[in-house]
Structures are given as C-alpha cells and as structure tokens.
Amino acid sequence: MNRQRMDLLHDIFHRLYETFGPQHWWPADSPFEVVIGAILTQNTAWKNVRQAIGKLRERDLLQLDHLDAVPQEELATLIRASGYYNQKARKLKAFCSHVKHFWQSDLAAFLAQEAESLREELLGIFGIGQETADSIVLYAAHKPCFVVDAYTHRIFSRHGWVPEEITYQEMRSYFEEALERDVALFKEYHALLVRTGHLYCRKKPLCDSCPLGDYPVPNI
DNA sequence: CTCCAGAAAA
DNA sequence: TTTTCAGGAG
C-alpha cells in the first residue's frame, strides 16, 4: 500500500489527537439514538440537534416502536429546532417503518448484519445517503467504515492531498486503504476532522492557528 | 442545481 | 444583519 499516504494519515491523526484529545463520539445513549442523531444533523449544527433529541427524550420517543407510533406532523413539531423538520420527520418515519417491516422492529438484528449489506440496505431507505449510512454503520453498528463529510473533503482538498473533484467513494477508499481496519481509530478520526473543520477549516479558513496550518497549501 | 429551515455564531 | 451548519432528494 501507499506508504506515503499511510504516514500522512497517521501523522495528521496524531497531531489532531494531541491537540484536541478524545472526542467521545457518537454522543448518544443507544444505537437508535445514534440513528436519530445521524438523520437530524444533516447539514445542521449539532447544538440544534441536541435540542430536538431532548424533546424526543421528554416524550420517551427514543425507542423505535415508540417513534414509529407518532404521527409525522406531531414528530415534525417536536424536532423543529433541527431544521428541515418536515423532511426529517419523514426520514425518521421511513427508517422506523423499514426496520419494522423487514426486521420486526429488531434494530439490533438489523445492525448486526455484515457491513456491506447493512450499508446497501441503509442506502435504500428514504433520507439516508452515503454519509448518514456510513455514520450509522460506524457509530451505531460499530463496524469499520470510514465516514467522509464536507469537512473531510474541505480539509484534504485544500491541502492538495486529494483532488477537488474527488467522489465520496474515492474519498472513503483513500482512508480505508491506508488505515488499519480499527473501529476505534475510524470513530476518533472522523470526530477529530469534524472538530478541526468546525474550528479552523471554515469557508474562511483560519490556517494561522490550525494544528494542520504548517502543512503546505498550494495556491489556487 | 434548487429546495428543505431553525438556531447561533460572526 | 449575514453566514454557517456531523446532507439528501427531486
């Protein structure tokens, strides 16, 4: 395998880990709560998602059969703080409905299947795209699937480590082929990249104080 | 490419 | 006030 890439990825990880420490992802009390969070946080700040999940917890809706029984309109008002609430209410209902019909609401059994088939089945559910599917595979099913998000692409393309027009699949392979298949490593790596993107690799980048700021960034 | 949408930082 | 956000569907 590409030794250069392996060294680069490990060096970046250690720098970020030394800087930020463990991120304790995913912040949730159960696999189902991970799924809910993964859908609610789509293009939305996590602070808003926490408020929405708090509302669901108040009503004891952080269980699949409970959430499945709530009308979509009522669910939408409860998750209002997370934005796109009508879309996301429909997405949550679609997930519950799928597991209910195909797995008799046995979420643990659904998540226990082999990683690739789980990923493909997730992608067939309304509202679950590649990043959300991979987040669920990694943080709810605890299988080694590297999660790529907008920050990951932004950080790596800005440094010239990957081409700007790289696809999601190519980005995922870029990491999975160079890193050991370690679930804990994948969980921590993605969390650290999100932290870095959130704090420094913004649309208006703050390279001066960024822990990766001394890596060369080619002029565009 | 456009729509979905509220919250909090900038 | 404007920008940005742990994206995905049509």
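Residue numbers start from 1 in every chain, and the chains themselves are labelled A, B, ... in the order their sequence lines are given, proteins ahead of strands.
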Problem - Contacts of type side chain to side chain donor-acceptor pair (under 3.5 Å), residue A:Y17, not counting sequence neighbours - result: none
Completion exercise
Taken to the nearest whole Å, CZ/A:R154 to P/C:dT4 is 8 Å
Exercise for the section: List for me each residue that meets side chain to side chain donor-acceptor pair (under 3.5 Å) alongside A:Y84, sequence neighbours excluded, and say none if there are none. Expected result: A:N43
Practice task
Let me know which of A:T132, A:V147, A:L122 forms a side-chain contact (heavy atoms from CB on, under 4.5 Å) with A:V137.
Solution key: A:L122
Exercise for the section: Answer yes or no: is there a donor N or O on one side and an acceptor on the other, between the side chain of A:Q63 and the main chain of A:D65, under 3.5 Å? Expected result: no
Fill in the blank from the handout: From CG of A:L40 across to P of B:dC4 the rounded distance in Å is 19 Å
Practice task
Round to a whole Å and report the spacing from CD1 of A:I79 to C1' of B:dG6.
Solution key: 11 Å
Handout entry: Pairing residues for A:W26 by the side chain to side chain donor-acceptor pair (under 3.5 Å) criterion, not counting sequence neighbours
Key = none
Return the polar atom pairs (N/O with N/O) between nucleotides 7-10 of chain C and the protein under 3.5 Å, or none.
from	atom 1	to	atom 2	distance (Å)
C:dG7	OP2	A:N43	N	3.0
C:dG7	O5'	A:N43	N	3.0
C:dG7	O4'	A:N43	N	3.2
C:dG7	O3'	A:T132	OG1	3.4
C:dG7	O6	A:N43	ND2	3.3
C:dG8	OP1	A:G129	N	3.1
C:dG8	OP1	A:G129	O	3.3
C:dG8	OP1	A:E131	N	3.4
C:dG8	OP1	A:T132	N	2.9
C:dG8	OP1	A:T132	OG1	2.7
C:dA9	OP1	A:G127	N	3.1

Completion exercise
Those residues at least two apart in sequence (or on a different chain) that pass side chain to side chain donor-acceptor pair (under 3.5 Å) with A:S209 are none
Handout entry: Distance-only polar pair, side chains of A:Q130 and A:Q169, donor-acceptor under 3.5 Å
Key = yes
Atom pairs, N/O to N/O, protein against nucleotides 8-10 of chain B, distance under 3.5 Å?
from	atom 1	to	atom 2	distance (Å)
B:dA8	OP1	A:Q51	NE2	2.9

Going by atom type alone, with no hydrogens or angles, which donor-acceptor pairs under 3.5 Å involve a side-chain atom of residues 73-83 of chain A and a protein atom two or more places apart or on another chain?
from	atom 1	to	atom 2	distance (Å)
A:E74	OE2	A:R59	NH1	3.3
A:T77	OG1	A:E74	O	2.7
A:S82	OG	A:I79	O	2.9

Exercise for the section: Have a look at A:K203 and say if it touches a base, only the backbone sugar-phosphate, or nothing, with a 4.0 Å heavy-atom cut-off. Expected result: sugar-phosphate
Practice task
Mind jotting down which residue pairs meet the ring-ring contact (aromatic ring centres under 6.0 Å, His included) criterion with at least one end in residues 56-81 of chain A? Sequence neighbours excluded, please.
Solution key: none
Completion exercise
Sequence neighbours excluded, the answer for salt bridge (Lys or Arg N to Asp or Glu O under 4.0 Å) partners of A:K100 is A:D68
Exercise for the section: Please list residues of residues 182-200 of chain A whose heavy atoms come under 4.0 Å from any atom in DNA chain B, ordered by number; otherwise none. Expected result: none
Problem - Within residues 186-199 of chain A or reaching into it, pairs that qualify as side-chain hydrogen bond (donor to acceptor under 3.5 Å, both in side chains) - sequence neighbours excluded - result: A:Q23-A:R195, A:H142-A:K187
Practice task
Give a yes/no answer on whether the side chain of A:Y85 brings an N or O atom under 4.0 Å of OP1 or OP2 in B:dG6.
Solution key: yes
Practice task
Using a 4.5 Å cut-off on heavy atoms from C-beta on, say whether the side chain of A:I136 contacts that of A:L111.
Solution key: yes
Completion exercise
In numerical order, the residues of residues 9-30 of chain A whose heavy atoms come under 4.0 Å of DNA chain C are A:W25, A:W26, A:P27
Practice task
Would you check if the side chain of A:T152 reaches a backbone N or O of A:A150 as a donor-acceptor pair within less than 3.5 Å?
Solution key: no
Problem - Distance test, side-chain N/O of A:R50 to OP1/OP2 of B:dA7, below 4.0 Å - result: no
Problem - P-based separation of B:dA5 from C:dG10 [nearest Å] - result: 14 Å
